Each structure stands twice: as C-alpha cells, then as structure tokens.
2 protein chains.
Amino acid sequence: MTIKEIQKNLKKDKINARLFTLGNMFIGEDILPSENQILELTGFTGSSAILLVTQTKAYLFVDGRYEIQDKKQINLRQIEIVKTTELSFEKWLVKNFAKNPISINYNPWVISINTLNGLQKILKSAKFIPLKSPETLLSADKVKTITHQKKFNSLTSKDKISYVVKHIKNHNLDAYLITSASNSSWLLNLRSNALPYTPILRAYVLVEKTGAYKIFAENTDLNNALPFAELKNYLGKYQTIGADFTTTPEILQSYTSNLLHFNDCIDELKAVKTPTEIKSIINAHLKDGVALTKFMFWLSKNYKHKTEIDVAEKLHSFRQKELNFHSESFATIAGYGPNSAIVHYCADEKTKRTLKKGSVLLLDSGGQYFDGTTDVTRTISIGEPSADMIEKNTIVLKSHIALATAIFPKDTKGCELDLIARQPLFKLGLNYNHGTGHGVGYFSNVHEGPHRISINAKNSAPLKAGMITSIEPGYYKENAFGIRIENLYYVKQTKNPKYLEFEVLTLAPLDKKLINKYLLSDDEIKWIDSYHSMVFAKLKKYLSKQELEWLKASCSPL
Amino acid sequence: MTIKEIQKNLKKDKINARLFTLGNMFIGEDILPSENQILELTGFTGSSAILLVTQTKAYLFVDGRYEIQDKKQINLRQIEIVKTTELSFEKWLVKNFAKNPISINYNPWVISINTLNGLQKILKSAKFIPLKSPETLLSADKVKTITHQKKFNSLTSKDKISYVVKHIKNHNLDAYLITSASNSSWLLNLRSNALPYTPILRAYVLVEKTGAYKIFAENTDLNNALPFAELKNYLGKYQTIGADFTTTPEILQSYTSNLLHFNDCIDELKAVKTPTEIKSIINAHLKDGVALTKFMFWLSKNYKHKTEIDVAEKLHSFRQKELNFHSESFATIAGYGPNSAIVHYCADEKTKRTLKKGSVLLLDSGGQYFDGTTDVTRTISIGEPSADMIEKNTIVLKSHIALATAIFPKDTKGCELDLIARQPLFKLGLNYNHGTGHGVGYFSNVHEGPHRISINAKNSAPLKAGMITSIEPGYYKENAFGIRIENLYYVKQTKNPKYLEFEVLTLAPLDKKLINKYLLSDDEIKWIDSYHSMVFAKLKKYLSKQELEWLKASCSPL
C-alpha cells in the first residue's frame, strides 16, 4: 500500500481523506513493525503519530519527541509534517476543515470509541465513514503464551478476577470487556512472545458478574481462546456491558448497543505494585545494575572502533546472562555525539556512528525479567567531555535530584510535580521536549499508566504508594549532543502517612566526569555521594576484581 | 435570631434542617459583620464557614485555616465543629443524610445556582426548600459611591463594556447579568464605602448586546440605579441571558427560565492588569513600603507595653499619611507570641497580648490606595528570638524564595506550582494549612480570582502575564509561635516569551535576626541580599535620617 494508491481510492470512492492512527485492535499498545501502517506509508519509525491522507496531500502529525528525528526519516516532498507541540491534531482539523464538510475514511478496529466521538464532536459537519472490510491489523504469526509463574505473583488470576467482579457489581453491570492486552495479561497471569520487547498476551477478556470469563485471542497456543469474530455473538448475550472506551475499538459498537463506558479498574490495580512485587522488582533492578555496570566497565576499556549497534548488542549480552531475563524492554537507544540529541533515537546501518573521544553516549535501555521490568538511561562520556557537556549534564542531574527528593501529599498528580524537575533547567533558559516520568509495568509494558509525570498530563491518575515511575529529565542540543539521566523509583509513604516520596530502584553509577560539583549544592552532592555509596554496596559482590575497582572509583565521593 | 429559635421553627414547619452559607446576595464576596448570620448565631468570626442547624443539633463546617482559631470562639456544647480539611461538607452530608430523605431550608438569595444544583445532585433524595420571604441580607446603611478616576485607569467604562458586549455576541446571548460586585465595580469604574476594607460598589449590572446597560443597587447615591425588585421585570425582557451560576443567587431562576451559565468574562479581564495599572500598582507598593518601614523602625524603638491593637493602629496611622490612601485592605492581623500561630487572627480586647522580648510578631496587613491594593506579611522578632523561631523562619523564607524564583510555561496553573513552595518545609516534615498565593485586585478585593496558588485549587485559572499573586508560605506551632512571609508579585514573561516568572512588588525588609544563613544556599543568600539592596535603594529617599540608618542596617548583606 502506498500513499498514491490510497489517494487513488479516495478519488474513486469520492471520499475526502483517510485517517491512520498508529496501532492495531489493541489501541494505544505496542505493535509489531509489520502491523504499522504509518511506518509502511511514510517510513516514520516513532511510536506516536497520526497520518491524514487527502486526495492530494498527506500530513503526518508528530509530537515534540520526534522533532529532530522526523526530518531525517520522512520524504518531505510527499508528506507535510505537523508538530503537535505547536498545533494539536484536533486544532489543525478545526482550522482546516471546520468550515467545509468533509468525509473521512477510518478503520473502526484501530480507533477507540472515545477518539472517534471526540473527533465527531470537534468536526460536527464531518462524516466519518468506516472502511468496508476493516482488519484488526494483528499479525498472523503464531504466538507462544508464557505463564507468569506463581512464585513471581502475589495474586492468583482468581484473586484478580474477583476484583473485576466487584467492579462489575459496583456498577450494576452484567459483564465487563477488557480490551487492553496489558490488562488481560495481568488478569490472567499470562504473557506471550508476540512482541519483541513487551511480553504481553494480546487478548480480550469478557468477565461475567458470576466470575466466569471468556478469552478472545487468535494465533495462540491457548486451547480455551475464542476468535475475535465470536465477540459479536458473546456481546449480544448481555444487557449491560462495561468497557473502557479509550481502548475499545469503535467497531464493537456496531456489534451491540449495550456497551457502557467505565474506566478499566485494572489500570490502577496493576499500577499499584504489591509489597511482594516490589521485592521482586528490587531484585530485578539489582541484576540489571550488575549487567549495566559490567557493560560500563567493558565500554571504558573497549569503546574504540565500536559502533552504536555494537554497544547495544554488548549490553544485551550482559543482560542475557542474568537470572530470569526474558528480553530487552525496548529497543536500546544508543546515540553517540549528535545522535545523542535525538530523544528516541534508534541506530541502524545508515545512521550508526562509531564511538570516539570527545563526546557522549546516551544509553537508554532496559530489561524484561520475570521478576521485573527495568528502564535506565545513563549519559556516558567517551574521552574528555566539553565544558558545555559537563555543565548541561550537571544541570540535568540537578533536575533529576530535585524531583527524586520531592515530598508530596497523597493524591498529588504528576502534572503537579513536573515543574519541580524543570526548575534548574528553566533558570538557564533550557528545557526538554518530553515528559519527566512514566509508569512501568511488572514483567509487562515499560510504559504503563494510569499515572505520568508531565505538565501536559492534566488528567493522569494521582500517585499512590506502590506505583513505579521513571524520573528522566534531559537536555538536547540539535546536531551536537544530548543528555538524559533516568532512574526508576517506587512511590512510598513518608513517616507521616499523609505524604509520599520516591525510593530509588535503579542501581548504576552516574558518570562523574560529566559532573561539575561547583554547580551543585551541598544537599545535591550529598545525594549523589549517598546514591553512589549504595550502588557500590549493593553491586560489589557480583563483580570481578577489575570491575569492582572500576566501580569503586566511579562511586567514590565527589 | 438564635439557634434555639431556628430549631423551634424547624420543628413547627416540620423541616429537618436549615442551611446557612456565609454571605449575602453578593455570593462569595466580602460582607459586613451585620450581614453575617453565622457570626450572629455562632460567634465565629472567620471568613469562610457553613452552618447547618437541625432540629436538635448545629454543625459548623470550617476549613484548615481556622482549626486553631475556632476552638477559642465557639460554644462547643451547642455547636459541633467539622473540619472540612478532614471531611468536606459535601461528603459529610452524604455520610449523614444520603440514606434518609431530608428537607433543608435555605435562603435563595445567598446560595448560588451552582451550589444548590451541586447539593441536589449529591443528595438526590433531599428536598431543598427556599425560605418563604428571603432577604438579600444586604445592609440598609447608606452607601457613598466613589468614582475611580480616569488618571488611575487605562480603560474607560465604555471600553470595558465593549468587552462584555463581545462576550455576549460570541455566545449568541441577548444580555449578560453581572452578579459579582467586584466585576460590576471594575466595569463601571465605580467604587463605594459600603465595606470597611474592600472599596467595591455592591451592584448588579445587566448589559444588553447593544451595549445599553442597567445598574441594580440599593441605598446608594446613584441616580440611575434600579432596586433589586426590578430584576424580575428586566430579566423577563430577554430570551437568553448569560450569568455566572457560581455567583448568581438561586432566586433569580424563579424570576426567569432564560438564564444560561457562562463564566463571567470580567474575572480574567480584571485579573490581568494593564501595563498602566502595573505602573500604578508599583507606585502604591512604594508608598506602602515606606509606611511599613517607618512603622518597623518605630516598633524597634517603642514595642514596650504596646498591645497587638496598639501596633495595628500605629501601622494604620503610617499608611494614612501616604498619598491616595483610602483604607486598609483587610483587618490587620497582628499576632504576638502564641497568637501569631493563629493563621487569621484578629486581636480584640479579650485576646490581645502585650509585646515583650522573646517572641515574634506576625504582622499581615495591607492598604487600599486609589492606585493599588497591597498585602504584605512580615514576621518580626521582639528581643532575641529562639533557635526554633530562627530555624522555622529560615525554612519558610526558603519556601518563599523557591516559588518567587520559579519559572514556568504559559498556561501553568497555581496547583502546578504550589508544591515548589512547600518542598523546603516538607523535607523537615512541616507544612502550612492554607494556600500559597491568591490574586489581588486593583483598588478592589485583596483576594481576587480567578487564579490561586494552591494544591487544592485544581480548577483555578492558568497564570497569565499581568496577573498579581501573593506568595505567602508559613509555619504555625499551636500555642507557641507562627511565621508567615508574604510578598506580592506580578507575573511577567521571561526573555523567552513561552515562559513566565514573578516580579516582586512588595518593598519591606525581612527580619535578619530571624535568618540563619547557614541553612541557606548561596543562591538563596544572593536573593535575600539583592532583594534588600533593592528595598533600600527604592525607599531611602522617603525616610528620616534615623529611619534610613535603621533600614540600612536591616538591608545590609547577610
């Protein structure tokens, strides 16, 4: 399929435009490249975009994270890029189409009820026309399911279903349809190998108020799964069915008129980790810290002639040696020099750079272990960094510490914390064009809601004890270098139970060559020294003699 | 009227309860003590409370600011106090009355359409019954109007009305009814002597889409004002009338069914001060700083045997000498020793303390000048303060500086800044039970919306360049001492127009005896020294030789 072909069809069918949202029937969740129609049509590799093809043009809507990246990937003669940080997709639509009625084709499997309702409300005169034979866009490859064993879980699937039944009863429903693959996976204590980095099982679960349930999934080795075509039949059985309209494909409304919107209660249940889960996750981070530290030692000796791809592979090989390692949790971002300034860079044979002295390697990576999911970014100097790199890294570190040491009342939302992290950067006229933190799953999605730390996430869920979040401020100087410092933290009560604070999970040294201690306050120096001393104490017994010496020097006081 | 009499009537009329909200027909605005039915019934002097009288009990709902104060004022045998910081009025209602249908009497002049709708939504089974002959509760005293002269205003009343007409046309209305006295006063460039501290004219204004308008006011010297009884007649003339339901009395809905809710556009227009207004306001603060500095010098020499009331009167006398002074902007809070721990203390003959060595005076005061409204709090040591007082004052000062130096993107809300101020206190397990900042009017209300800096004000308006806000963190140790440090600031763009920052208006020295510089960072010390050096430079030419010497010492570097 090409843009030209789509435009030909639009003309033939006398339809003004076709809307592509990035995803398959599991709306908003990770997809395979083979399922990515926007990638196929435009070459854009980012994880968030909207494509609108009209009879004569094509518009790609991308957010701030991709501002530097997109220019290098997209055929700008064929496709116009709209930065949603400057003009949102919705506002663009209103600006361009509010006055003249327009017909828009869409795939009702890959757009949520909520999104379509929202678009219709904004563009009252527009006619949204579903495709005649819409596809789920789910890959037909065979999927192997993975049981997330009892030893890693404090709750059985039965326990979890009883929560959902309570939710069903509270809202006087007959049944609830879970359309989020992450939530289905959590509920069933099942995972799969469908995706390279996110071990979720792509399934819907229909839970009755009796506690009986049906799984809908295709191409799996599950005996009891029903094909998606059966949804029509099953949804017809109930008078009132709850579903979360933000993740429920619009097509399901053509199967039954009995769907009612209720937030999926699993979002919050899943995000608040149990004490048993936190214990496991702490252990996963210990292993991940060992792997990353061994890698950093190796890098310090072997960076010469290595490409970004080489170092990502080497890091993977260290993680693979750790107990209960399953996969990486996302494609490692290893950007050297100017590539480090691309927020969500992914090296390929064309773009890859070779490491040499005089700049920094931004390394954002993570692992999926059966006992936890990790995500960590370190910015590592190769040779001697410039004064500018040291200054900016130190400021980003100040930002990181400002939020890492924050205390906040219960029910604080991420948007109420975000500016704490940004103050040190703002004071120098600097900023980063992405959120400050995201939730993280448990042997599941490395990006998990319902909480987020971002000034733009006004409707994200309040932070609660047991939730995990990244803290990852950054600084990016286009065509020069980029800095990001990311640790994961879990939220816990302070001594005063009315307040919450962050407890660090990630264990890996920060590059002291990139720190100017004269830009730091005494409290900030204390934080770094004490973090390093903890990192050293926890990792030391897992290292070789040479690695240990390197870590000792790396973790010595500033 | 007494609680017992109300209970007698409830029994007679077979009604379960009577609701009293604190106010008159100008909902949410300042009132005279003679208009305050809650004061009359309970003795509670605070500016925010709800009273619910049932046939056998009475409940007074008060917020955190009054937690220390209320215990001393209220007859606890007759009235049960409910702290809304622990259980909101709405939640209390649901807890106590959701299951049994209840009838509640209310005065439809003093409760807004919004509030009544909200209560009815929460308590579906309750029957809200308006009083048979409701009164506006507006004092019958004669009111003198004051013209806010052209030289103080950049906009004429005609200019301002044209904004409202635009608002009316944008919403396809026939007319708009302004029910806020502050907004009517702003619109008409009129003020009055109706209230001791807030020089607003208590009037409604009905603006037609043609720009013609009618003023509704009683007991004034205005020739063209109509009595409130005429509202029924005038409201009947239009098919669609906009009004802000948060400030519109519920009774007006019985006059016409054509009222539609639209936010009063004046709220934001009024809050964003014009450059001409800012210039005037800067001048008002200069005069206020002179008065406060002269007072502080006087106090340093004359505190002996003076009571809290004496010092408040003396401060008033200094302000009265300044050009274009009209009145104080609220009843001065002058609390010495344990009284300083009462957030909104007001000294009277019974409670007043005499100043002596060894504690602090918390002095929160302000002036209404024709060219600006001020509000400033200084905590002043009398004799040698204790180490605890010095430590806590220093921490509160750190909190103040943290927010005063904050930089934030356009459209940031106050709730997204509040935690920046609280971090230094939170880190020591401390907090203050009130908001961090409020808007301030222009020769008008000292508390003015629609913006606020408070973690609880999730729906307050975003901050915009030209808005004024207080920054006033505090610390209160019951029965011991209290600290508050308050300056006013206006919001302005940084060099990068995407960002905003605060520019200080208040000019008065901070008590250096209450500052431990070893608890401050270099940047904090720099901020204090530079603030003091500016205060000295701006005030010096208005002081006597002795005052000047005192200020020089007070403003010398830490």
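Below, all heavy atoms of this structure are taken into account, side chains as well, without hydrogens, waters or symmetry copies. What you see is a predicted model, and the numbers here were worked out from it, not measured in a lab. Chain letters run A, B, ... following the sequence lines, proteins first and then strands; every chain starts at 1.
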Mind checking the CG-CG spacing from Leu397(B) to Leu510(B)? Nearest 0.5 Å is all I need.
6.0 Å
Give, for atom CD1 of Ile471(A) and atom CG of Leu403(A), the distance between the pair rounded to the nearest 0.5 Å.
4.0 Å
For the atom pair CD1 (Ile395(B)) and CD1 (Ile390(B)), what is the distance rounded to the nearest 0.5 Å?
12.0 Å
Here the gap from Ile122(B) atom CD1 to Leu93(B) atom CG, rounded to the nearest 0.5 Å, amounts to 7.0 Å
In terms of heavy-atom contacts, Phe426(B) and Leu419(B) come closest through CE1-CD2, 3.7 Å
Any non-hydrogen side-chain atom of Ile455(B) less than 4.5 Å from a side-chain atom of Phe408(A)?
no
Compile the donor-acceptor pairs, distance criterion under 3.5 Å only, formed between chain B and chain A.
unit_1	atom_1	unit_2	atom_2	d
Thr405(B)	OG1	Lys427(A)	NZ	3.1
Ile407(B)	N	Gln423(A)	OE1	2.9
Ile407(B)	O	Gln423(A)	NE2	2.7
Glu416(B)	OE1	Lys458(A)	NZ	3.1
Glu416(B)	OE2	Lys458(A)	NZ	2.8
Gln423(B)	OE1	Ile407(A)	N	2.9
Gln423(B)	NE2	Ile407(A)	O	2.8
Lys427(B)	NZ	Thr405(A)	OG1	3.1
Asn431(B)	ND2	Tyr499(A)	OH	2.7
Lys458(B)	NZ	Glu416(A)	OE1	3.1
Lys458(B)	NZ	Glu416(A)	OE2	2.8
Tyr499(B)	OH	Asn431(A)	ND2	2.7

